[in-house]
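One structure below.
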Amino acid sequence: TAIENGYEGDFSYRWHHLKTDTFKPVLNPFSKALITEIEDEATAKEGFLPTSYKTIKIILRSNGGYIKVNESSFMIKDQEIIMMNGVASTLGKNVYNFENVFIQNFDSSGKLVWESWVKKNQSSVNDGGMLGSVFIYNTESSIYMLYNDPISNGGDIVEASFTPEG
């Protein structure tokens, strides 16, 4: 659909022999439950996640599947014009916002096995967005996410972990 509406889901291609097989798309629409939890009920009725969600990491698994990590992020440019000694001066800042992260686990055939999400809300100013997103690392048994908790909640560094079973 039109990109203004948002994303309806994920897709991947599957084939066995590159030269002889045709590409078969595997479609995975986002579940209404996920959209309701991450966004709101009105957004879930439309069936789209906003275009602010972007894939930030894909982790390939040894069984042929993969895990996809998506985060909602956007930038707001703020500009103020002030008068100093009768001369107009412009002050500008870029506010980087990083919101909810959702994780999807796909099997080797491209079908969705489970999905989960982490609720977060971070903002940073004039740092290029370096301090607001998540750091993702994985081991054989788990996937870990580290992120800064907003100052209003104590300002701690939080670790969220997921096993291959969700």
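The structure presented is a predicted model; accordingly, all values stated were derived computationally and were not measured. Along the sequence shown, the residues carry numbers beginning at 1.
- With rounding to the nearest 0.5 angstrom, the CD1 atom of I59 is 7.5 Å from the CD1 atom of I103.
- Looking at heavy atoms from C-beta onward, N97 lies out of side-chain contact with M75 at the 4.5 angstrom threshold.
- Using a 4.5 Å cut-off on side-chain heavy atoms (C-beta onward), V118 and M145 make contact.
- Between the side chains of T55 and N70, at least one donor N or O sits under 3.5 Å from an acceptor N or O.
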Before you tell me yes or no, could you show the steps for K119 and E99 under salt bridge (Lys or Arg N to Asp or Glu O under 4.0 Å), namely the whole-Å CA-CA distance, both residues' side-chain angles and the distance that decides it to 0.1 Å? CA-CA 7 Å; K119 183 178 182 177; E99 296 179 339; over 6 Å; no
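- There is no path of hydrophobic side-chain contacts, each under 4.5 Å, that joins V134 to I58.
- Considering only heavy atoms from C-beta on, I136 comes within 4.5 Å of I143 through its side chain.
- Taking the side chain as every heavy atom from C-beta outward, N105 and F162 never approach each other to under 4.5 Å.
- A distance-only check finds no donor-acceptor pair linking the side chain of N85 to the backbone of V87 [under 3.5 Å].
- Interatomic distance, Y144 OH to N138 CG, rounded to the nearest 0.5 Å: 10.0 Å.
- Shown here for S108 and N63, the closest heavy-atom pair between the two residues is CB-O, 3.5 Å.
- Of all heavy-atom pairs between Q79 and T90, the closest is NE2-CG2, 2.7 Å.
- Rounded to the nearest 0.5 angstrom, W114 CH2 and D107 CG are separated by 13.0 Å.
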What's the verdict on side chain to side chain contact (heavy atoms under 4.5 Å, CB included) for K68 and K57, showing C-alpha distance, side-chain angles and the deciding distance? CA-CA 6 Å; K68 184 177 171 188; K57 186 148 187 154; over 6 Å; no
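- Contact record, L60 with Y66: CD2-CB, 4.0 Å, taken as the closest heavy-atom pair.
- Residues F74 and Y53 form no side-chain contact, since every pair of their non-hydrogen atoms from C-beta on lies 4.5 Å or further apart.
- No salt bridge links E80 with K93; every basic N to acidic carboxylate O contact stays at or beyond 4.0 Å.
- With Y147 as reference, V158 is the one residue of V101, I157, V158 to meet the side-chain contact (heavy atoms from CB on, under 4.5 Å) rule.
- Rounding to the nearest 0.5 Å places NZ of K54 at 4.5 Å from OG of S73.
- The closest side-chain heavy-atom distance from I67 to Q104 is not below 4.5 Å.
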Test log, rule side chain to side chain contact (heavy atoms under 4.5 Å, CB included), inputs K111 and F106: CA-CA 5 Å; K111 295 287 184 193; F106 297 91; over 6 Å; no
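- For the pair Y96 and V125, the minimum side-chain heavy-atom distance is 4.5 Å or more.
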